[in-house]
Amino acid sequence: MIEGIIAAILGAVFGIGGTVVYEKRRVATEKNKADQELAQAKTKAGDIVLKAKDEVLQLENERRREWKKTENRLADRETTLDNKIDQLDKRAEKLRTQEDEVEDLKNEIRDIRTKQQEKLEKIAGLKKQDAADKLMQMTERDIKEDLIGLVNKLQHDAMEDAEERAQTILVTAMERMSSEVTAERTVTAVKLTDDEMKGRIIGKEGRNIQALQRATGVDILVDDTPGMIILSSFDPIRRQVARVTLEMLMKDGRIHPARIEEVVAKAEKEIDKDIARAGEDAAREVGVVGIPKEMLRLLGELKFRTSYGQNVLMHSTEMAHMAGLIAEEIGADVRVTKIATLLHDIGKAVTHKIEGKHHHIGAELARKYGMDERIVHAIEAHHDDVEATTPEALVVRVVDAASAARPGARNISAENFSERMRDLENVATSFKGIDKAYAISAGREIRVIVSPKTIDDLSAIKLARDIATKIESTMQYPGTIKVNVIRETRAIEFAK
């Protein structure tokens with residue numbers, strides 16, 4: 001048994017020894033292989049290094065050649081610059097020499113002039129200043145009358161040209177405006193959907209209409225006009241709130257005191273937004289910025305104000321456009337002129353709250369909110385009680401008159417305007433011997449064509465006077481109306 005164990009041990013020992021020998025041989029083989037690969041890598045690395053050195057050497061040679069070329073070019077340029085500097089130095093020296101010669105000539109000429117002047121003074125027996133004064137006196141005496149006539153002529157021509165130029169500027173500005181000729185009045189009546197709605201608005205024992213009047217501060221008349229409700233109030237904003245409230249109530253259908261108060265509050269907010277938007281839109285349309293918000297709100301309130309039937313906000317916007325055109329033509333400040341024109345009637349928004357004339361109130365408001373003093377003066381001077389002392393104020397006054405006085409601007413709606421034109425033509429055609437009559441120039445002129453067989457030349461003159469007299473006695477109109485009677489005789493014959 002012991003022998004078996006020994007044999008096993010010896011077998012294990014020989015096995016381990018064989019394994020160790022095998023591993024040693026394998027390691028030696030791997031080492032030899034690694035040494036060979038390392039030797040090959042070193043050989044390749046050496047070749048790469050040699051190749052890189054050759055390339056670096058070639059690059060250095062090329063750079064040296066380029067540097068050499070650059071040095072040669074710089075040397076050539078330096079030589080050229082040295083030559084040019086030498087030439088400039090020579091020219092400068094030559095110019096200095098010529099300047100010295102010119103200065104010598106000037107001194108010589110001065111000496112000659114002095115000697116000549118002394119000789120002339122000796123011969124004439126007068127000094128230079130005395131001779132000049134005497135010559136001026138003689139010249140003034142000889143041409144004094146001519147100068148006076150020339151000055152008078154220039155002044156007269158200047159006045160004529162100024163008047164003609166002013167007319168041209170005004171006409172040009174008016175022609176470039178394309179606003180409506182007639183401005184509608186603010187609506188103060190609300191149309192009812194049916195007769196039943198009138199009873200619902202009045203309410204039981206008049207509770208609804210009383211609630212409306214208390215909430216809006218507007219007198220409501222329901223019996224005067226069939227199918228209509230008339231709103232009466234001195235305040236156009238209140239009247240507008242009442243109109244919007246009635247329209248909202250009729251659309252909703254629920255009409256009772258509690259609902260009325262709710263709708264009135266909603267209508268006031270809507271009108272308030274409309275006022276703010278109207279002022280901002282007007283300033284944006286005119287093209288001006290920097291107007292205080294308080295002034296813009298008052299400007300928006302003018303949307304609901306009328307003056308002689310003319311909407312005040314439309315009137316102010318139209319004026320601002322015209323004022324800008326005129327100010328640019330005459331060299332005035334366009335921005336100041338536009339703002340002053342846009343705000344010139346701002347006092348009308350508060351005239352029922354503050355005593356005084358609207359242009360004085362507007363000027364105080366503009367001064368209160370820190371606006372330019374030129375704007376304040378132009379607002380205050382757009383009527384005759386304050387003298388206009390600046391070009392901007394004069395422009396505001398001119399365009400205010402132009403906007404208010406143009407045909408159809410005030411006191412008339414589109415329908416009434418057409419009716420007045422027809423009445424004017426009917427007055428003319430009521431006389432005998434008239435073939436046709438035409439009202440033109442927005443009712444400022446009536447042209448009457450008469451029958452030459454019935455009316456002779458003397459009768460035509462009398463007819464013009466009769467028509468004018470009848471127009472004066474039977475019609476109401478702004479300004480004057482020109483009566484133009486046309487009598488034409490035609491001789492017609494046919495050649496056969």
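In summary, the aromatic rings of H382 and H358 are positioned with their centroids under 6.0 Å apart.
Pairing each heavy atom of T317 with each of A282, the nearest pair is OG1-CB, 4.1 Å. Listed here is the closest heavy atom pair of V244 and A267: CG1-CB, 3.9 Å. Heavy atoms only, all atoms of each residue included: H321 and V286 are closest at CE1-CA, 4.0 Å. Scanning both residues, A349 and L302, for their nearest heavy atoms gives N-CD2, 3.8 Å. Here the closest non-hydrogen pair linking A437 and A428 is CB-CB, 3.8 Å. Across all non-hydrogen atoms, the minimal contact from L424 to A439 is CD2-CB, 3.9 Å.
With respect to the salt-bridge test (charged N to carboxylate O, under 4.0 angstrom), the residues K462 and D466 qualify. Salt bridge present: E262 and R259 bring a charged side-chain N and a carboxylate O closer than 4.0 Å. R397 has no carboxylate O lying under 4.0 Å from a charged side-chain N of D400, or vice versa, which leaves the two without a salt bridge. Using a 4.0 Å cut-off between charged nitrogen and carboxylate oxygen, K368 and E364 do not count as a salt-bridge pair. A salt bridge is defined here as a Lys NZ or Arg NE, NH1 or NH2 lying under 4.0 Å from an Asp or Glu carboxylate O, and R335 with D333 fails to meet this definition. By the 4.0 Å N-to-carboxylate-O rule, E488 lies too far from K453 to be salt-bridged with it. Checked for salt-bridge contact, R277 and D274 meet the test: a charged N lies under 4.0 Å from a carboxylate O.
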Side chain to side chain contact (heavy atoms under 4.5 Å, CB included) between K436 and E425, worked out: CA-CA 9 Å; K436 297 176 183 177; E425 294 175 354; over 6 Å; no

N484 vs I446, side chain to side chain contact (heavy atoms under 4.5 Å, CB included): CA-CA, chis, key distance, verdict: CA-CA 6 Å; N484 193 352; I446 177 74; over 6 Å; no

Criterion side chain to side chain contact (heavy atoms under 4.5 Å, CB included) on T474 and D423, from CA distance to verdict: CA-CA 10 Å; T474 60; D423 292 342; over 6 Å; no

Steps toward side chain to side chain contact (heavy atoms under 4.5 Å, CB included) verdict (E445, Y438): CA-CA 8 Å; E445 180 180 352; Y438 300 100; over 6 Å; no

Stepwise side chain to side chain donor-acceptor pair (under 3.5 Å) test for S459 and D456: CA-CA 5 Å; S459 300; D456 56 17; 2.6 Å; yes

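Atoms CD1 and NE2, from I346 and H359 in turn, are 15.5 Å apart once rounded to the nearest 0.5 Å. Note that NZ of K482 and CZ of R444 are 13.5 Å apart. Values are rounded to the nearest 0.5 Å. A distance of 10.0 Å separates OG1 in T337 from CG in L394, rounded to the nearest 0.5 Å. How far NZ of K348 is from NE2 of H315: 6.0 Å, rounded to the nearest 0.5 Å. Residue M475 holds its CE atom at 9.0 Å from CG of N426, rounded to the nearest 0.5 Å. The CD atom of E392 lies 12.5 Å from the CD1 atom of I326; values are rounded to the nearest 0.5 Å.
Of the possible polar contacts, one joining the H377 side chain to the T389 backbone as a donor-acceptor pair under 3.5 Å is found. A donor-acceptor pair under 3.5 Å is absent between the side-chain atoms of D272 and the main chain of E268, judged by distance alone. Distance alone, capped at 3.5 Å, is enough to place a donor-acceptor pair between the R487 side chain and the P452 backbone.
Taking the side chain as every heavy atom from C-beta outward, L313 and D345 never approach each other to under 4.5 Å. L212 is listed as a side-chain neighbour of L249, based on a closest heavy-atom distance under 4.5 Å. The side-chain heavy atoms of I434 and V485, taken from C-beta on, include no pair separated by under 4.5 Å. Side chains of R113 and R110 form no contact here, defined as non-hydrogen atoms less than 4.5 Å apart. Using a 4.5 Å cut-off on side-chain heavy atoms (C-beta onward), D281 and R284 make contact. Side-chain atoms of M248 and E270, non-hydrogen and from C-beta on, do get closer than 4.5 Å to each other. For the pair V386 and H360, the minimum side-chain heavy-atom distance is below 4.5 Å. Here the side chains of V450 and L463 are in contact, with some heavy-atom distance below 4.5 Å.
Within 6.0 Å of the CD atom in E294, the count of heavy atoms belonging to other residues, nucleotides or ligands exceeds 12. Residue E108 qualifies as open at atom CD: its count of foreign heavy atoms under 6.0 Å is 12 or below. At most 12 non-hydrogen atoms from other residues, nucleotides or ligands lie less than 6.0 angstrom from CD of E387.
Judged by distance alone, the side chains of K470 and S430 do bring a donor and an acceptor atom under 3.5 Å apart. Between the side chains of T97 and D100, no donor-acceptor pair of N or O atoms lies under 3.5 Å.
A cation-pi contact, defined as under 6.0 Å to the ring centre and within 45° of the axis, is absent between K293 and Y369.
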